[in-house]
J.: 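One structure coming up, written as structure tokens, with questions to follow.
Reckoned from all heavy atoms, side chains included, excluding hydrogens, waters and symmetry mates.
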Amino acid sequence: MLKRYLASSATKRHQFLAANKELIQYQATAGQEPTALLVTCVDSRILPSKLFDSAPGELLTLRNIANTIPPYIHSDIATSSTIEFAVNTLGIPNIIICGHTDCGGIKALDSRDQLNLIKYPSLNRWLDLIAPAKRDIAEKLEGLSDQERHLAIVEQNIRNQIDNLLTYPFIRDKVALGHDHLRLHGLIYDLHIPGFRILDHDTRKFRIFVDNQ
């Protein structure tokens, strides 16, 4: 299987390595200086380097089910250590929480009563972390179509994960210093458009992002 993957990707990989040879060799010595930490879902349809046209060294990524940031008091070591490294060591000035439509994690949350707890014990515990996304807007979900309901929970989950980031003392302190130090961004990759919905921090609402704006 591994050899087949490598063989099928050989041409594009060689083209990529040849085009970026000098940059990669430089970074092998000089290290990395990414400008953003992208927290996104494990979903295979999300391709950060393609969606953001990022070159080697530009984008640090943290991926898990439903692009989740556990609150500081419940943080898991994988997530918290990545955030610490990004902010305290690399000095990354931007953190982007990027969710997406047709998210399996959000769907599992919304139909949780049907989840086989014996088969998915770890997933069930993970869903506890994003459960507020549905609970916080429960009264707004009545009467919505399935697609509207799903999008509403995806949106609320992004808002909640940004709020969770602010429970980390070193994140809160950096944000308080101003935008030159650390900015938090909310984004949704909408597969139906396809394109992005961006969070307006003043209104806490999402709007479709138009590339020429």
Side-chain angles (χ1 to χ4, degrees), residues 32-71 75-76 78-87 90 92-110 123 126-127 129-134 136-137 147-168 171 174-175 179 182-211 213:
Q32 59 176 323
E33 294 183 353
T35 57
L37 168 63
L38 176 70
V39 181
T40 193
C41 188
V42 296
D43 194 292
S44 61
R45 293 167 293 182
I46 300 178
L47 304 175
S49 63
K50 299 289 187 181
L51 292 172
F52 297 95
D53 191 28
S54 57
E58 289 184 346
L59 196 61
L60 197 71
T61 56
L62 170 61
R63 306 189 71 158
N64 57 41
I65 292 175
N67 37 271
T68 303
I69 301 291
S75 62
D76 69 291
T79 302
S80 58
S81 60
T82 299
I83 298 171
E84 287 176 0
F85 175 64
V87 175
L90 298 179
I92 284 179
N94 297 282
I95 299 179
I96 305 167
I97 309 293
C98 180
H100 68 101
T101 57
D102 198 42
C103 178
I106 298 298
K107 287 182 175 181
L109 171 66
D110 199 22
L123 176 59
W126 190 256
L127 292 179
L129 297 171
I130 63 171
K134 180 180 178 181
D136 292 348
I137 58 170
Q147 185 171 326
E148 291 171 335
R149 178 187 180 92
H150 179 74
L151 179 59
I153 301 174
V154 168
E155 290 180 344
Q156 186 60 32
N157 188 50
I158 297 293
R159 297 184 191 101
N160 288 357
Q161 302 319 311
I162 291 178
D163 290 343
N164 287 348
L165 267 176
L166 290 169
T167 66
Y168 290 68
I171 296 289
K174 286 252 185 178
V175 170
H179 286 172
L182 183 61
R183 298 185 183 190
L184 308 181
H185 309 272
L187 199 61
I188 293 172
Y189 175 41
D190 192 324
L191 281 75
H192 299 285
I193 297 176
F196 286 115
R197 297 177 182 271
I198 189 169
L199 177 65
D200 184 310
H201 286 281
D202 293 329
T203 64
R204 299 275 284 182
K205 294 181 179 180
F206 284 83
R207 56 180 171 79
I208 295 176
F209 178 75
V210 180
D211 285 325
Q213 57 182 338

J.: Without swapping roles, check the side chain of Arg159 against the backbone of Arg204 for a donor-acceptor pair under 3.5 Å.
T.: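 Present.
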J.: Less than 4.5 Å apart, any side-chain heavy atom of Tyr168 and any of Ile69?
T.: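 Tyr168 vs Ile69: side chains touch.
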J.: Report the distance from atom CD of Glu33 to atom OG1 of Thr35, rounding to the nearest 0.5 Å.
T.: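 So the gap between those two atoms works out to 10.5 Å.
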J.: Hey, could you give me the SG/CG distance between Cys103 and Asp110, rounded to the nearest 0.5 Å?
T.: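 Here the rounded value is 11.5 Å.
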J.: Go through the structure and list residues passing salt bridge (charged side-chain N to carboxylate O under 4.0 Å, His left out) with Asp136, not counting sequence neighbours.
T.: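 For Asp136 there are no salt bridge (charged side-chain N to carboxylate O under 4.0 Å, His left out) partners, ignoring immediate neighbours.
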J.: So do the side chains of Leu187 and Phe209 get within less than 4.5 Å of each other, counting heavy atoms only?
T.: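 Not touching, per the 4.5 Å side-chain cut-off.
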J.: If I compare all heavy atoms of Ile137 with all of Gln156, which pair ends up nearest, and what's the gap?
T.: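 In terms of heavy atoms, the two residues are closest at CG2-OE1, 3.6 Å.
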J.: Please check: side-chain N/O of His201 versus main-chain N/O of Leu184, any donor-acceptor pairing under 3.5 Å?
T.: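 Judged by distance alone, yes, a pair lies under 3.5 Å.
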J.: Atom NE2 in His192, atom CD in Gln147: separation rounded to 0.5 Å?
T.: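 Here the rounded value is 4.0 Å.
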J.: For Gly105 and Leu127, work out which heavy atoms get closest and say how close.
T.: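 Nearest pair, atom of Gly105 first, then Leu127: O-CD2, 3.6 Å.
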J.: How close do Pro34 and Pro93 get, heavy atom to heavy atom, and via which atoms?
T.: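 Closest approach of Pro34 to Pro93, heavy atoms only: O-CD, 4.4 Å.
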J.: Apply side-chain contact (heavy atoms from CB on, under 4.5 Å) to Ile46 and Leu51, showing your working.
T.: CA-CA 8 Å; Ile46 300 178; Leu51 292 172; 4.2 Å; yes
J.: Report the residue from Asn157, Asn160, Asn164 that forms a side-chain contact (heavy atoms from CB on, under 4.5 Å) with Pro132.
T.: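 In the set Asn157, Asn160, Asn164, the residue that makes a side-chain contact (heavy atoms from CB on, under 4.5 Å) with Pro132 is Asn160.
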J.: Rounded to the nearest 0.5 Å, how far does OG1 of Thr79 lie from CG of Leu165?
T.: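 Reported value, rounded in 0.5 Å steps: 10.0 Å.
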J.: Take Phe52 and Tyr189 through the ring-ring contact (aromatic ring centres under 6.0 Å, His included) test and state the conclusion after the steps.
T.: CA-CA 11 Å; Phe52 297 95; Tyr189 175 41; 8.8 Å; no
J.: How far does CD1 of Ile171 sit from CD1 of Ile95, to the nearest 0.5 angstrom?
T.: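 With rounding to 0.5 Å, CD1 (Ile171) is 4.0 Å from CD1 (Ile95).
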J.: Of all the heavy-atom pairs spanning Leu59 and Pro48, show the shortest one and how long it is.
T.: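 Heavy atoms of Leu59 and Pro48 come nearest at CD2-CB, 4.0 Å.
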J.: For the atom pair CD1 (Ile198) and SG (Cys98), what is the distance rounded to the nearest 0.5 Å?
T.: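 Output value for this atom pair is 10.5 Å.
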J.: Do you know the tightest heavy-atom contact between Ala36 and Ile96?
T.: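 Ala36 and Ile96 have their closest heavy atoms at CB-CD1, 4.1 Å.
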J.: Is the shortest heavy-atom distance from the side chain of Val154 to the side chain of His100 under 4.5 Å?
T.: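 Side-chain contact under 4.5 Å: no.
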J.: Tell me yes or no: between the side chains of Asn94 and His185, is some donor less than 3.5 Å from an acceptor?
T.: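 Indeed, the side chains of Asn94 and His185 share at least one donor-acceptor pair under 3.5 Å.
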J.: If only atom types and distance count, is the side chain of His150 paired as donor or acceptor with the main-chain N or O of Asp102 below 3.5 Å?
T.: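 The answer is yes, because a donor-acceptor pair under 3.5 Å joins these two groups.
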J.: Is there side-chain contact between Asp76 and Trp126, with heavy atoms separated by less than 4.5 Å?
T.: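 Yes - at least one pair of side-chain heavy atoms lies under 4.5 Å apart.
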J.: If we check side-chain contact (heavy atoms from CB on, under 4.5 Å) with Ile65, which of these qualifies: Val42, Ile130, Leu129?
T.: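 Exactly one pass, corresponding to Val42.
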J.: Could you tell me if the side chain of Lys205 sits less than 4.5 Å from the side chain of Asp200, heavy atoms only?
T.: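 SC-SC contact between Asp200 and Lys205 ruled out.
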J.: If we only count heavy atoms from C-beta on, is the Leu37 to Leu90 side-chain gap below 4.5 Å?
T.: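 Not in contact.
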J.: Using a strict cut-off of less than 4.0 Å between a Lys/Arg side-chain nitrogen and an Asp/Glu carboxylate oxygen, indicate whether Arg63 and Asp43 qualify as a salt bridge.
T.: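 Judged by the 4.0 Å cut-off on N to carboxylate O distance, Arg63 and Asp43 do not form a salt bridge.
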J.: Looking at every non-hydrogen atom in both residues, tell me the closest pair between Asn67 and Val39 and how far apart they are.
T.: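 Of all heavy-atom pairs spanning Asn67 and Val39, the closest is CB-O, 3.8 Å.
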J.: Using modelled atom types only, decide if a donor and an acceptor are shared between the side chain of Arg45 and the backbone of Leu191 within a distance under 3.5 Å.
T.: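 Not at all, since once roles are kept as given, no pair shorter than 3.5 Å links the two residues.
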